Number of protein chains: 2
Amino acid sequence: MPTENLLYLRVADDLRRQIVNGELTAGSRLPSRAQLAEQFHVSENVVRRAIDVLMAEGLIETRTGARPTVRQRPQLRRLTRSWYREQREGSPFRADIKAQGHEADWTCESKTTTAPPTIAERLRIAADAPVMRTDYVFTSDGEPVMMSTSHEPLELTRGTPVMLPERGPYAGQGVRDRMSAIGQRIVTATEVVTARPVTQNESAALNVSAGTMVMVIQRTYWTDERPVETANIVVPVDRYELLYVIPVEGD
Amino acid sequence: MPTENLLYLRVADDLRRQIVNGELTAGSRLPSRAQLAEQFHVSENVVRRAIDVLMAEGLIETRTGARPTVRQRPQLRRLTRSWYREQREGSPFRADIKAQGHEADWTCESKTTTAPPTIAERLRIAADAPVMRTDYVFTSDGEPVMMSTSHEPLELTRGTPVMLPERGPYAGQGVRDRMSAIGQRIVTATEVVTARPVTQNESAALNVSAGTMVMVIQRTYWTDERPVETANIVVPVDRYELLYVIPVEGD
DNA sequence: TCGAATTTGTGCGTATGTATC
DNA sequence: GGATACATACGCACAAATTCG
């Protein structure tokens, strides 16, 4: 169906065209529903459905009482998910953000708890085994942009200087350096990437509107023998793209 | 807001609970709008919005004239996006799918064209330089599950036996082996992962409902000197998760 | 096979609450 | 505080597709 004959889709198409063409600049306001209805000679209801479509596409934002605003297309920032042929030191997140000309920082909170089943499986430890759980919220230029929840088996770190990830001599230096300090040499990371709608908690913490999507990276760090850390990293799809550099082996 | 006081969200929550609890089994039908409206003591319009929410979440499917059907939760299949410590031969896609106990196949169509700007940039060739474009639709157990669009510079392959990716002695063997046959030794792949709503074309080709999300992998194969192939790989988020295995180098 | 009942998708009108300006 | 505008909620009508006797 090249030409759309449904009213609300026709309206949505026209408005979308104006947005991507720049006739409606980022940050500007759309006409009100009543104005659009008169303009397109349709009912307000049709306009509302068209607005819903554009909102689902992430092109506009709506707030009750205010006319819809054209979202400024945030430039995608790139997260490099690879150490291949790079000499990376300290926190990968900070290095990535600084490389793109922004200020990076984070807050975190650690507590000991017991491993939930999915985490236990990923760490290959018994369910309910003691773990150190650390919740991070990462900020770029002061705005929260990413969050993650990390789990480390306490059987590895208990009683060592690195038990608390963000305290002590190795604070803020990343998992690899911390684990290295207690003789755990990380040689591999696995990352399982999925995408899903944002949860209420995440939408509040990351200041993104409900219904938008996030990518979830289930990252696990491995020594030659065992997994030593695993984390769920949550990134809004409209803020980040992920870059993987993959060595291709074989003749 | 722990308890939701909006009518349509209350209805959606109740129906969602019934689905995930298994009270509404996969493949079964929901009651009709009128029945649900009476059941919940709300208007049909509220039920409609609740249905919209569940559809956006991918929990149900609707067809005009038929009651909404509960989608059978497709088990996520895993795409391995790495050659690290694996000896992979031929098509990575087929190997992955077969390893998970399914039949894999694909259809494709090649044509010569000129490089659009984004592709030209990724291949580091002039815009409008001649390229071989190949569109793939991958099937698993006969169902379309993934699609991709590949571009190769014709300056590399013109006049060689591998010019047409799916014809000749190297048909179906994957980019690495084909390029190897003409002396292009691929040593690195880069993949940029993003997620966005499915387009109309994709939703028709992949048989997924409109409004659902896909992950897009922008993959580029590199020799030591230059990019030799780039592809946009489109995978629905509710069918696949991506697995990256990353060697961690250093000290 | 056919036709009638059912059900969804679309479209219209209106009212109320609430946030914005 | 008042005017504006969106979010939610109610009602109804019709076309198209499905379902089923």
Side-chain angles (χ1 to χ4, degrees), chain A residues 1 3-15 19 24 27-71 200 203-204 207-212, chain B residues 1 3-15 19 24 27-71 200 203-204 207-212:
Chain A
M1 57 215 83
T3 62
E4 205 52 71
N5 49 358
L6 294 174
L7 275 181
Y8 74 97
L9 287 181
R10 290 182 72 87
V11 175
D13 286 347
D14 196 286
L15 292 175
I19 292 175
L24 287 168
S28 68
R29 295 268 168 96
L30 264 61
S32 73
R33 289 203 307 229
Q35 290 171 320
L36 288 172
E38 187 184 11
Q39 191 173 318
F40 286 99
H41 303 98
V42 295
S43 75
E44 276 200 27
N45 234 318
V46 170
V47 173
R48 205 173 39 208
R49 305 229 8 209
I51 296 288
D52 286 345
V53 170
L54 297 180
M55 204 167 46
E57 293 172 0
L59 289 174
I60 62 175
E61 272 179 346
T62 60
R63 275 170 13 200
T64 172
R67 308 211 306 275
T69 61
V70 178
R71 287 180 60 175
Q200 279 192 4
S203 117
N207 193 26
V208 297
S209 43
T212 60
Chain B
M1 55 215 85
T3 63
E4 206 50 72
N5 49 357
L6 295 176
L7 274 182
Y8 74 99
L9 287 181
R10 291 182 70 88
V11 174
D13 286 348
D14 195 288
L15 292 174
I19 292 175
L24 288 168
S28 67
R29 296 270 168 93
L30 263 62
S32 72
R33 286 199 312 224
Q35 289 172 321
L36 288 172
E38 188 183 11
Q39 191 174 319
F40 286 99
H41 304 97
V42 296
S43 74
E44 275 200 27
N45 234 320
V46 169
V47 172
R48 247 203 325 253
R49 303 225 18 204
I51 295 289
D52 286 344
V53 170
L54 297 180
M55 205 168 46
E57 293 173 359
L59 290 174
I60 63 176
E61 272 179 347
T62 61
R63 271 164 34 205
T64 160
R67 308 210 307 274
T69 60
V70 178
R71 287 179 61 175
Q200 278 192 4
S203 110
N207 194 27
V208 297
S209 42
T212 60

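Keep in mind it's a predicted model, so treat the numbers as computed, not measured. All chains are named by letter (A, B, ...) in the order of the sequence lines, taking the proteins before the strands, and each is independently numbered beginning at 1.
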Requested in this report: Tell me, with the steps shown, if A:Leu24 and A:Ile60 meet side-chain contact (heavy atoms from CB on, under 4.5 Å).
Outcome: CA-CA 11 Å; A:Leu24 287 168; A:Ile60 62 175; over 6 Å; no
Query raised in the report: Given A:Val70 and A:Leu59, is the side-chain contact (heavy atoms from CB on, under 4.5 Å) satisfied, shown in steps?
Result: CA-CA 6 Å; A:Val70 178; A:Leu59 289 174; over 6 Å; no
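Between A:Glu61 atom CD and D:dC6 atom P there is a gap of 15 Å when expressed in whole angstrom units. Computed from coordinates, the A:Glu44 CD to C:dT14 C1' distance equals 10 Å when rounded to whole Å. Per the geometry, CG belonging to A:Asn45 stands 16 Å off P belonging to C:dG9, to the nearest Å. Summarising the geometry, the separation between CZ on B:Arg49 and P on D:dA9 is reported as 7 Å, rounded to the nearest angstrom. Rounded to whole Å, the distance from CG on A:Leu36 to C1' on D:dA5 is 12 Å. C:dG9 atom C1' lies 9 Å from atom CG of A:Leu6, rounded to whole Å. The separation between A:Arg67 atom CZ and D:dT4 atom P is 13 Å, rounded to whole Å. C:dA19 atom P lies 16 Å from atom CZ of A:Arg29, rounded to whole Å.
Closest contact between the side chain of A:Ser32 and the listed nucleotides C:dG11, D:dA5, D:dT8 involves D:dA5. Picking from C:dT8, D:dT19, D:dA9 the nucleotide with the shortest atom distance to the side chain of B:Pro68 gives C:dT8. When each of C:dT8, C:dC21, D:dC6 is scored by its nearest atom to the side-chain atoms of A:Thr62, the top-ranked nucleotide is D:dC6.
Between D:dT8 and B:Tyr8, a contact under 4.0 Å exists linking OP1 or OP2 to a side-chain N or O.
Where A:Thr64 and A:Val46 meet DNA chain C, the nucleotide closest to each residue was compared, and A:Val46 sits on the side nearer the 5' end. Closest-nucleotide positions on DNA chain C for A:Leu7 and A:Arg48 were compared, and the one nearer the 5' end corresponds to A:Leu7.
Of the options B:Leu9, B:Leu6, B:Val11, a side chain to side chain contact (heavy atoms under 4.5 Å, CB included) to B:Val46 is made by B:Val11 and by none of the others.
Backbone-only contact: A:Arg63 has heavy atoms under 4.0 Å from sugar-phosphate atoms and none from a base.
A:Gln39 CD: more than 12 foreign heavy atoms inside a 6.0 Å radius.
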